[in-house]
Amino acid sequence: MSHDSRKIRLIMDLRNQGVTDTAILSAIETMPREAFVEEAFLDQAYANQALPINCGQTISQPLIVGLMTQALELGDRHKVLEVGTGSGYQAAILSKLARRVYTIERHRDLLAQAEKRFTKLHIHNITTMSGDGYKGWPAQAPFDRILVTAAARVVPPELVAQLSDQGGIMVLPVGDTGGLNQEVIRVRKDGKQFHSERMFPVRFVPLVEGFPADESAAKRQR
Ligand code: SAH
């Protein structure tokens, strides 16, 4: 089966499973996911599943990308922070729906690969940083929207602080960092008021505190 027919089936699957926002569906339809997966998994680029990428990480399942993006209630003037660039796929989807995307990744190798993909695809509204996304990106705060694509044990207070207090929304997986018992939480911030709601169960790699991720660099520092 060709990428195109698999893609049509994937879009139908996403719609049936609750991704109803047509702008999001069309962003997923036009973004070449095959540019974000490793060569060994090219034939599975449009399967509705997470796939392994370098550094023991994963590119998220398209359904989860769709549902989490939808939960963000994005507007085209929004400034968005993503924590956990990984392959860059989720950031690329966000770049089609928001004004500007800031994305942080703790593995330099993954970030370098993702940056090459953005350039190749002529995506110019993504700004990247290697570092510990648990701390957010204070210099660019506040953000209208924050999306975390790695699981935290608790909602990181630094990220809440960097969320706009005029209707800011943060979407993140929270729970056991071993992968079980995680669910997506949506936090809304209005003035000093917060409201969080539980959305759906997921399985994400852990949000790891600390930077750099590179073991040899960590050893050199000791
Ligand atoms: N959004 C990605 C999937 C991310 S997998 C995509 O579309 O492909 C989660 C990513 O979060 C991994 O690449 C992992 O290295 C990164 N990560 C984990 N903890 C982090 C932290 N504290 N700061 C920044 N990135 C982190």
Side-chain angles (χ1 to χ4, degrees), residues 14 24 27-28 31-38 41 44-72 80-98 101-118 121 123 126-138 140 143 145-159 162 170-179 182 184 202-215 217-218:
L14 299 193
I24 295 172
I28 293 175
M31 188 57 63
R33 192 165 183 262
E34 66 268 29
F36 294 86
V37 304
E38 294 303 314
F41 297 99
Q44 291 170 64
Y46 291 99
N48 192 7
Q49 58 191 44
L51 295 169
I53 56 174
N54 288 339
C55 306
Q57 306 302 319
T58 50
I59 172 170
S60 307
Q61 182 190 356
L63 175 64
I64 301 304
V65 170
L67 291 175
M68 287 178 87
T69 305
Q70 190 165 273
L72 277 177
V80 185
L81 173 67
E82 182 202 24
V83 174
T85 317
S87 69
Y89 179 72
Q90 171 75 71
I93 295 294
L94 295 172
S95 80
K96 297 295 165 201
L97 302 160
V101 179
Y102 294 84
T103 183
I104 310 177
E105 169 57 56
R106 63 190 293 278
H107 284 285
R108 290 183 201 277
D109 292 358
L110 284 178
L111 195 65
Q113 266 186 302
E115 285 165 348
K116 275 192 198 146
R117 291 170 178 141
F118 301 149
L121 293 167
I123 298 172
I126 300 179
T127 309
T128 62
M129 174 168 86
S130 59
D132 181 6
Y134 194 92
K135 299 187 173 65
W137 195 326
Q140 290 297 341
F143 297 96
R145 300 291 185 260
I146 299 178
L147 178 61
V148 184
T149 61
R153 239 179 276 277
V154 294
V155 178
E158 288 93 335
L159 295 183
Q162 290 171 36
M170 171 156 69
V171 171
L172 76 169
V174 174
D176 170 11
T177 47
Q182 295 175 2
V184 167
V202 279
R203 188 166 188 161
F204 271 89
V205 296
L207 182 69
V208 181
E209 273 187 79
F211 178 77
D214 171 31
E215 283 297 313

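What you see is a predicted model, and the numbers here were worked out from it, not measured in a lab. Each ligand, and each atom within it, is numbered from 1 in the order the structure gives.
Which of Glu105, Arg33, Gln57 comes nearest to atom 16 (C) of ligand 1 through a heavy atom is settled by distance: it is Glu105.
Ligand 1 lies less than 4.0 angstrom from a heavy atom belonging to Pro206. By the 4.0 Å heavy-atom criterion, Glu82 is counted among the residues contacting ligand 1. Contact between Gly131 and ligand 1 is present, with at least one heavy atom of the residue lying under 4.0 Å from the ligand. Ligand 1 does not have Ile53 within reach: every non-hydrogen atom of the residue lies 4.0 Å or more from it.
Residue contacts with ligand 1, taken as heavy atom pairs separated by less than 4.0 Å, involve Thr85 solely via the backbone atoms N, CA, C and O. The part of Val205 lying near ligand 1 is the side chain, judged by heavy-atom distances below 4.0 Å.
Of all the heavy atoms in Ala45 and Val37, the pair that sits closest is CB-CG2, 4.2 Å.
Any N or O atom pair closer than 3.5 Å counts here, and Asp132 shares at least one such pair with ligand 1.
Looking only at distances, a side-chain donor or acceptor of Gln162 sits under 3.5 Å from a matching main-chain atom of Trp137. A distance-only check finds a donor-acceptor pair linking the side chain of Tyr46 to the backbone of Arg33 [under 3.5 Å]. Judged by distance alone, with hydrogens and angles left aside, the side-chain atoms of Arg106 form no donor-acceptor pair with the main-chain N or O of Gly133 at under 3.5 Å. A donor-acceptor distance shorter than 3.5 angstrom exists from the side chain of Arg117 to the backbone of Ala35, with no hydrogens or angles considered. Using modelled atom types, no side-chain atom of Glu105 and backbone atom of Ser130 make a donor-acceptor pair closer than 3.5 Å.
Atom 23 (N) of ligand 1 has Gly133 N, 2.7 Å as its closest protein atom, hydrogens excluded (heavy atom only). At the shortest separation from atom 3 (C) of ligand 1 among protein heavy atoms lies Thr58 O, 3.2 Å. Scanning the protein heavy atoms around atom 19 (N) of ligand 1, the nearest turns out to be Val208 N, 2.9 Å. Nearest protein neighbour of atom 8 (O) of ligand 1, counting heavy atoms only, is Ser87 OG, 2.6 Å. Among all protein heavy atoms, the one lying closest to atom 25 (N) of ligand 1 is Arg106 N, 3.3 Å. If you check which protein heavy atom lies closest to atom 7 (O) of ligand 1, you get Gln90 N, 3.0 Å. The nearest protein atom to atom 11 (O) of ligand 1, hydrogens excluded, is given as Gly84 CA, 3.2 Å; this is a heavy-atom distance.
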Could you walk me through whether Ile126 and Glu115 satisfy the side chain to side chain contact (heavy atoms under 4.5 Å, CB included) test, starting with their C-alpha distance in whole Å, then the side-chain angles of each, then the deciding distance to 0.1 Å, before giving a yes or no? CA-CA 9 Å; Ile126 300 179; Glu115 285 165 348; over 6 Å; no
Apply side chain to side chain donor-acceptor pair (under 3.5 Å) to the pair Thr149 and Gln90, showing each step before the final yes or no. CA-CA 9 Å; Thr149 61; Gln90 171 75 71; over 6 Å; no
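Which parts of ligand 1 touch Tyr134 is read off a 4.0 Å heavy-atom cut-off, strictly below it: atoms 22 (N). Residue Leu110 has at least one heavy-atom neighbour below 4.0 Å for each of these atoms of ligand 1: 13 (O). For ligand 1 and Ile59, the ligand atoms under 4.0 Å from any heavy atom of the residue are 8 (O).
Residues Val83 and Leu172 have side chains not in contact (no heavy-atom distance under 4.5 Å, counting atoms from C-beta outward). Proximity of Leu81 to Gln140: side-chain heavy atoms (C-beta onward) are nowhere separated by under 4.5 Å.
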N/O donor to acceptor pairs below 3.5 angstrom from side-chain atoms of residues 52-60, sequence neighbours left out:
residue: Asn54; atom: ND2; partner: Gln113; partner atom: OE1; Å: 3.1
residue: Gln57; atom: NE2; partner: Cys55; partner atom: O; Å: 3.0

